[in-house]
Number of protein chains: 2
Amino acid sequence: MSLPNILLGLIKEPTSGYEIKQTFEQVLHYFWNADLAQIYPALKKLEQQGLATSQMAAPDKGPPRKLYQRTTEGTQQLRAWLQDGPQLNTERLHYLTQVFFLGEIPSNKRITFFERLHDYFSQQLNELIEVDNSWSNDDPRYPDNLPDREQAMQFTLRLGLLKINAIVQWCESCLKTLNSKL
Amino acid sequence: MSLPNILLGLIKEPTSGYEIKQTFEQVLHYFWNADLAQIYPALKKLEQQGLATSQMAAPDKGPPRKLYQRTTEGTQQLRAWLQDGPQLNTERLHYLTQVFFLGEIPSNKRITFFERLHDYFSQQLNELIEVDNSWSNDDPRYPDNLPDREQAMQFTLRLGLLKINAIVQWCESCLKTLNSKL
DNA sequence: GGCCCCATGTAATGGGTTACATGATTGC
DNA sequence: GCAATCATGTAACCCATTACATGGGGCC
């Protein structure tokens, strides 16, 4: 049930499906992803439900784009979703289910597994630190006096930094335990 | 693709679908969940693929149970999944997508949202601390000298403690920021 | 000419949730 | 007698992924 609401959140201003996909890839992919093959039908459905309207835009260069924008009912639906409180207990962490059964493979393979996890999350942490730094340099109101929309986005970044930092530490702690038994 | 492998991990010893569901509810639900309506057909499919065998058990009390156990091929499949490395970039955090758009609702509603998050994760943290403590009391080898299977499970608990602690701190930090602007 | 990017879509398949259906036993 | 728990399943629906299809423009 989240995708339609995420799309409503993204189409405050007229926006194309293709543009939305890029926002997923650049920003939201840390905690959500959606494919174009999902986005286009979902936008169409929002329009059929009266939660969004669309108009064609034919720019000078490039192919025509279909721009969607949410209606008043769309905004109401979005707010209802948010005011209904957090949607919890829906996490699916593939890599953790793997860790749970990691005793099934030999010790050296377990170490390789955690080294891969460590590499992946270290890089993600560096990316987020980079975003944090450049935002901090660009806006003197950062991080505690941002306007509402930016503040909400900054909250998600703030969690990313804390959480991924914890995951990197966890990888190092597990690697230490595994290596101490060789 | 994870569920069949998780089931293979759980049916090292003969186990019923109902029992597996309880393991999900008691242990794995922190990072994965599956319904009985998913588990029963998935077990049947494993049997059809030759990755598991089943036998009926008719105990003195209670209804008959169908016990599944993985075959050698099933074990090979499980190990292949683990040795293939971690499955990454598949997270879907519903509540974070909500936070991302939280600027759409008034400030007092935002505070309520974070208070709910804080309550939920604080309770989950307490549960995990409880598990950690009692395990520590029951086994002198805890946490660094456990046998392979238990060590792997302990690794998932270790991440839970670090990560949920980070989330609780995040909630407090965001609430502080939100309250400072009232 | 061939490849990548922009831009929109459909079709087939697989994974997951909700609702429905059955029947025995345990506890109040 | 009734509700809850044990135990197994099917059917319908919705959500997500992969593959396929189309067509213009820029670049080498």
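Computed from a predicted structure; not experimentally measured. Lettering follows sequence order; numbering is per chain, from 1.
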>> Does A:M56 have more than 12 heavy atoms from other residues, nucleotides or ligands lying within 6.0 Å of its CE?
In response: yes
> Quick one: is D:dC15 close enough that its OP1 or OP2 comes under 4.0 Å of any side-chain N or O from A:Q38?
Replying inline: no
>> Can a side-chain donor-acceptor contact be found between B:Y30 and B:Q124 if the only test is distance below 3.5 angstrom?
In response: no
>> Surrounding NZ of B:K181 (heavy atoms of other residues, nucleotides or ligands, distance under 6.0 Å), is the total greater than 12?
In response: yes
>> Judged by each residue's nearest nucleotide on DNA chain C, which is more toward the 5′ side, B:K45 or B:D35?
In response: B:K45
> Taking atom CD of A:Q123 as the centre, does the number of heavy atoms from other residues, nucleotides or ligands within less than 6.0 Å exceed 12?
Replying inline: no
> What nucleotide, of D:dG9, C:dA7, D:dT8, holds the atom closest to the side chain of B:S16?
Replying inline: D:dT8
> B:A37 near the nucleic acid: base, sugar-phosphate alone, or nothing, with a heavy-atom cut-off under 4.0 Å?
Replying inline: base
> Can you tell me how far C1' of C:dT8 sits from CD of A:Q22, to the nearest Å?
Replying inline: 14 Å
> Rounding to a whole Å, what distance do you find between A:Q49:CD and D:dC14:C1'?
Replying inline: 13 Å
> Can you check whether A:K66 has a side-chain N or O nearer than 4.0 Å to OP1 or OP2 of C:dG9?
Replying inline: yes
>> Quick check on DNA chain D: between B:P41 and A:W32, whose nearest nucleotide comes earlier from the 5' end?
In response: B:P41
> Could you give the CZ-to-P distance, from B:R65 to D:dA7, as a whole number of Å?
Replying inline: 5 Å
> Rounding to a whole Å, what distance do you find between B:K21:NZ and C:dT17:P?
Replying inline: 9 Å
>> Please tell me if B:K44 has a side-chain N or O lying less than 4.0 Å from either OP1 or OP2 of D:dT10.
In response: yes
>> Between A:R92 and D:dA16, is there a contact of a side-chain N or O with OP1 or OP2 at under 4.0 Å?
In response: no
